[in-house]
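Report on the structure given below.
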Amino acid sequence: MGSQGGFYQSKEFLDLVKSIGEARSKAEEDRIVLNEIETLKRRISEPDIPKRKMKEYIIRLVYIEMLGHDASFGYIHAVKMTHDDSLLVKRTGYLAVTLFLNEDHDLIILIVNTIQKDLKSDNYLVVCAALNAVCKLINEETIPAVLPQVMELLAHPKEAVRKKAIMALHRFYQKSPSSVSHLVSNFRKRLCDNDPGVMGATLCPLFELIARDVNSYKDLVISFVSILKQVAERRLSKAYDYHQMPAPFIQIKLLKILALLGSGDKQASENMYTVVGDIFRKCDSSSNIGNAVLYECICCVSSIYPNPKLLESAADVISRFLKSDSHNLKYMGIDALGRLIKISPEIAEQHQLAVIDCLEDPDDTLKRKTFELLYKMTKSTNVEVIVDRMIDYMISINDNHYKTEIASRCVELAEQFAPSNQWFIQTMNRVFEHAGDLVNIKVAHNLMRLIAEGFGEDDDNADTKLRSSAVESYLRILGEPKLPSVFLQVICWVLGEYGTADGMFSASDITGKLCDVAEAYSNDETVKAYATTALMKIYAFEIAARRKVDMLPECQSLMEELLASHSTDLQQRAYELQAVIGLDAHAVACIMPSDASCEDIEVDRDLSFLNDYIQEAIEKGAQPYIPESERSGMLNISNFRNQDHHEASSHGLRFEAYELPKPAVQSRIPQTLIASTEIVPVPEPMYPRESYQTTMPSIPSDAGSAELKLRLEGVQKKWGRSTYTPATSTSNSTSQKTVNGTSQGDGASTVSSMRETYDSRKPQVEVSHEKQKLAASLFGGSSKTEKRPATGHKAAKASSHVVEKSHVPKSSLEVASEKAAPAQQPPDLLDLGEPTATSTALQLDPFKQLEGLLDATEVASAVNGAPAASRSPDIMALYADTAAGIHNKNDADLLSGLSNPSVTNMPGTTAMPQVTQSSSKGPNPKDSLEKDALVRQMGVNPSSQNPNLFKDLLG
């Protein structure tokens, strides 16, 4: 290879590959790769690197990424290579970026422009390289940038470019169907392309389109059949052959499309019968690819409208598969047989011995596939044998996932095809015993319901025998060392309900067993709860029957233990047991009737029986109940939970400032200011329930009983924040009902005769008597799938178990409280919290409105006879009367004088003046009010400005 090595790579690179291949440990490999990374970091940053060297460095980076190490430091150099004019360098750059980057990488934006330019190139190799990058790197946001160029390439003279353009459109459809929904017709046109490669590439997007909407493509059935016929007759070039099969992958894709189009459509299926039959006859089964085409033909035949001749041909192919020594072909045969028995169940009987051989094969994968086949071909005549084999296999495996699947299938088959309820109970016991807690809890409830309901007929004797056999079997099973929790719940329930019903076992025997269960599984609170309730039922039935009740010492110690338990559920059950034992026979018979588990339970969720009692209490003066949604001024812990949930779900970072603490200082407002505030009565507003403001106690009024409020409508809120009202959402959960069952395929016609049987082509080998007996058990009897009539546990109850009463009518007080809409909360002028972003500009000046309350003559006299509108405001004159009260005060005194809670109107409170207007000495209240209004019009706000400013103003 010379000093440059093979494929124009340096000897250094080949030595790197060799050393990594000869590394004896992962640590040694990592050391070699890390050294190479350091070398590349140093060399790739050198200036004026030759293109040949840069290309090799990028290939080394690709190799490093393939080994699982980070080579992100070289991504930008790969992007730069895509801009190069050299074809070899450009293609290497495109190859590297498609391996390095994903569609959401930040560097994608740097190559979109290059892709647009390369898609218009005259060199079709450059166009192909760009289309490869389009399929890998273009995301949903950048599709519109390259979509027009890709559409133009559908008419490119080179077939390779047209094929890759189809692939790019298919990729666009997968990522964003709406962006290319108007271009779907181009796939139909390319189906008639002169090049088979372009036509074959078009089949992939058409298959996805047909799978989503079959009816829109029914008109293409004739075209697909014609293409498949040409391919099967070897009319394509030899270049499309694979192992002497003509274009097998095109045939497989066409058969899948025909299976979709012919499903349930007799007219469309009739057009396919001939070509599918030709493939069955001409296809070579000596190669794997030929068997793959035959398998796809069987799948197509099982999907389209049934045809007897095609079913017979499919059965012949399945026979060859099952007779093969290859496990892969046997697996295909079992899977294909499972598809055909939906249409014609008789086909499985022709291969019964082959199925038995697969069931006993050491290959676990083949064995599982065979169990799937047996699951599909189960009927009432062979359900016992199949379920027994499945349970035996479930016991032998350790895979919990597959064990759960086998257990669910056993339960499903037993519920559908059980020959008797007794066999069903025994089967369920085996499933519970060996599958453990992997069994769904619903299965346990179904078993308890079956035992309670019985056969669903009027045969009480049969129901009694069923329950007695269940009790006897469960007492025997309790001797096992370790039992699953779900199974123990069923056992305790059955022993509590029917343990002493037939008189075969005494109450002391049953209670002793239940106490042993509670002691043996003391860590399982659910089992202990079931055992305690079962003990209560046993003692209740004994008391109701007026038999002497002797509590065993172990039961007494168990009850004492549960009375002091940390579990409130166990405590309550123990107290109920203690209470039941102390009741008389009549009371016990009323509260715990015997065998009443299936009786309808009437639940009054609205507690309507208390309506008369509530009405009587209200008439005597009791306070009516206020719903939680209508309570005002009450804090609820759910509010904080909702707020925390809302804040956590919004975003991780919060950028608003913390709320400023409110200064706890005493306010000292001159009484002249108090007297100048005019009080007007306003109605009491209703505050929402989520209000977090502290409600101040109201000051009683001397003037009357009516509550008084400051008129603050239209006053701009300068400080504080709006209260947060979390929205409560109600989620309605919907229940889903699962119906166990298998779908049975309907076939119009069946196979009349089979040409070959299992032992016709093999040497005559003597079949053992056990296999013949097993085959007769699996496949004998009626060939049609039968289902067990719904009896016992499958019978539907005529009445529901929960009957809900109609909604209780609301009282008049509740209706009145619902109609009263909460009034808008008054603004908090003294809240020093965060400013609210939603506060609006003040539209009206409230002090302008207050000026209208003064007489014109009084205003004129207050300002020395001059008109109020013509005089300029005099700050010093306004504060002449009150300067003595606030002069030489420090900052804290002034602030405290502005925030005295005893005279300040807080939200939710009523401030009453402490000084009444009279003719005594002091300033005129109306005069002071006018001066205050003029100060506010000048923009002076004593509660928000620096107190030192007022010191200066007041001299």
TODO: Locate the shortest heavy-atom distance separating K537 from G496; write the atom from each residue and the value.
DONE: CB-O, 3.5 Å
Task: Enclosure of Q174 CD (heavy-atom neighbours >12, cutoff 6.0 Å) - done: yes
Open item on the list: I'd like to know if the side chain of N440 reaches the main chain of V443, judged simply by a donor and an acceptor atom lying under 3.5 Å from each other, with no hydrogens or angles considered.
Closed with: no
Task: Test side-chain hydrogen bond (donor to acceptor under 3.5 Å, both in side chains) applied to Y474 - qualifying residues, sequence neighbours left out - done: N429
Task: Set of residues satisfying ring pair (Phe, Tyr, Trp, His ring centres under 6.0 Å) with respect to F432, sequence neighbours excluded - done: F487
TODO: Report, as yes or no, whether the 6.0 Å neighbourhood of atom NZ on K26 holds more than 12 heavy atoms from other residues, nucleotides or ligands.
DONE: yes
TODO: Could you pull out the closest heavy-atom pair between D241 and P246, with the gap in Å?
DONE: OD1-CA, 3.3 Å
Open item on the list: Checking the side chain of S344 only, and the main-chain atoms of L340 only, is there a donor and an acceptor separated by less than 3.5 Å?
Closed with: no
- [ ] Measure from the side-chain N and O atoms of R409 to the backbone N and O of Y375, and report whether any donor-acceptor pair falls under 3.5 Å.
- [x] no
TODO: Look up atom CG in L260 and atom CZ in F224, then write down how far apart they are to the nearest 0.5 Å.
DONE: 10.0 Å
- [ ] Kindly give the heavy-atom pair with the smallest separation between F321 and I298, and that separation in Å.
- [x] CE1-CD1, 4.2 Å
Going by atom type alone, with no hydrogens or angles, which donor-acceptor pairs under 3.5 Å involve a side-chain atom of residues 387-397 and a protein atom two or more places apart or on another chain?
residue: D392; atom: OD1; partner: R430; partner atom: NH2; Å: 3.0
residue: Y393; atom: OH; partner: D364; partner atom: OD1; Å: 2.7
residue: Y393; atom: OH; partner: D364; partner atom: OD2; Å: 3.4
residue: Y393; atom: OH; partner: R368; partner atom: NE; Å: 3.3
residue: S396; atom: OG; partner: Y393; partner atom: O; Å: 2.7

Task: pair Q350-S319: side-chain heavy atoms closer than 4.5 Å - done: no
TODO: Would you mind reporting whether S380 and Q416 have side-chain heavy atoms less than 4.5 Å apart?
DONE: no
- [ ] Any chance you could lay out the side-chain contact (heavy atoms from CB on, under 4.5 Å) test for L359 and F371, step after step, and finish with the verdict?
- [x] CA-CA 7 Å; L359 194 61; F371 275 117; 3.7 Å; yes
Open item on the list: Contact between S302 and K342 at the side-chain level, heavy atoms closer than 4.5 Å - yes or no?
Closed with: no
Open item on the list: Heavy-atom count check: over 12 atoms from other residues, nucleotides or ligands less than 6.0 Å from Q267 CD?
Closed with: no
- [ ] Could you pull out the closest heavy-atom pair between K403 and A435, with the gap in Å?
- [x] CD-CA, 4.5 Å
TODO: Begin from the C-alpha positions of D316 and R320 and carry the test salt bridge (charged side-chain N to carboxylate O under 4.0 Å, His left out) through to its verdict.
DONE: CA-CA 7 Å; D316 293 340; R320 294 201 299 268; over 6 Å; no
Task: Salt bridge K369-D335, side-chain N to carboxylate O under 4.0 Å - done: yes
Task: Sidechain-backbone polar pair: N291 side chain, S287 backbone, donor-acceptor under 3.5 Å - done: yes
Task: I386 side, atom CD1; K379 side, atom NZ - distance, nearest 0.5 Å - done: 8.5 Å
- [ ] State whether the number of non-hydrogen atoms from other residues, nucleotides or ligands found under 6.0 Å of E372 atom CD is greater than 12.
- [x] yes
- [ ] Keeping the roles fixed (side chain from T533, backbone from A529), state whether a donor-acceptor pair exists under 3.5 Å.
- [x] yes
Task: Backbone of E405 reached by a side-chain donor or acceptor of S408 within 3.5 Å - done: yes
Task: Working for side-chain contact (heavy atoms from CB on, under 4.5 Å), residues C410 and T427 - done: CA-CA 8 Å; C410 291; T427 303; 5.5 Å; no
- [ ] Return each pair, listed once, that meets salt bridge (Lys or Arg N to Asp or Glu O under 4.0 Å) where at least one residue sits in residues 273-296; pairs must be two or more places apart or across chains.
- [x] D278-R281
Open item on the list: So does Y305 get a backbone contact from the side chain of S269, meaning a donor-acceptor N/O pair under 3.5 Å?
Closed with: yes
Task: Pairs meeting criterion salt bridge (Lys or Arg N to Asp or Glu O under 4.0 Å) with involvement of residues 246-266, two or more places apart - done: K218-D265
Open item on the list: With heavy-atom distances below 4.5 Å as the criterion, would you say the side chains of P419 and E384 are in contact?
Closed with: yes
Open item on the list: Rounded at 0.5 Å granularity, tell me how far CG in L514 sits from OG1 in T532.
Closed with: 9.0 Å
Task: pair I491-Y530: side-chain heavy atoms closer than 4.5 Å - done: no
Task: Qualifying residue for side chain to side chain contact (heavy atoms under 4.5 Å, CB included) with L258, from I304, L228, I210 - done: L228
Open item on the list: Could you check whether any side-chain N or O of T378 sits under 3.5 Å from a backbone N or O of L374, counting only pairs where one atom can act as donor and the other as acceptor?
Closed with: yes
Open item on the list: Could you check whether any side-chain N or O of S216 sits under 3.5 Å from a backbone N or O of D213, counting only pairs where one atom can act as donor and the other as acceptor?
Closed with: no
Open item on the list: Looking at every heavy atom in both D361 and K367, which two are closest together, and how far apart are they?
Closed with: O-CE, 3.2 Å
- [ ] Please report the closest heavy-atom contact between V517 and L488, naming both atoms and the distance.
- [x] CG1-CD2, 4.3 Å
- [ ] Ignoring hydrogens and angles, tell me if any N or O in the side chain of D437 forms a donor-acceptor pair with the backbone of S485 under 3.5 Å.
- [x] yes
Task: Worked verdict on R476 versus S473 for side-chain contact (heavy atoms from CB on, under 4.5 Å) - done: CA-CA 5 Å; R476 184 177 63 256; S473 63; 3.7 Å; yes
TODO: Look up atom CZ in R467 and atom OG1 in T464, then write down how far apart they are to the nearest 0.5 Å.
DONE: 6.0 Å
Open item on the list: Going by ring pair (Phe, Tyr, Trp, His ring centres under 6.0 Å), name the residues that satisfy it together with Y242, two or more places apart in sequence or in a different chain.
Closed with: F249
Task: Min side-chain heavy-atom separation N307-V276 under 4.5 Å - done: no
Task: Pairwise distance CG(L329) to OH(Y295) - rounded to 0.5 angstrom - done: 12.5 Å
Task: From Q251 atom CD to L203 atom CG, the distance as rounded to the nearest 0.5 Å - done: 11.5 Å
Open item on the list: Just so I know, are the side chains of L483 and Y521 near enough to count as touching, which here means a heavy-atom distance under 4.5 Å?
Closed with: yes
TODO: May I ask you to test the E415-F424 pair for a side-chain heavy-atom distance under 4.5 Å?
DONE: yes
Task: side-chain contact (heavy atoms from CB on, under 4.5 Å) evaluation trace for L220 with I257 - done: CA-CA 10 Å; L220 293 179; I257 292 175; over 6 Å; no
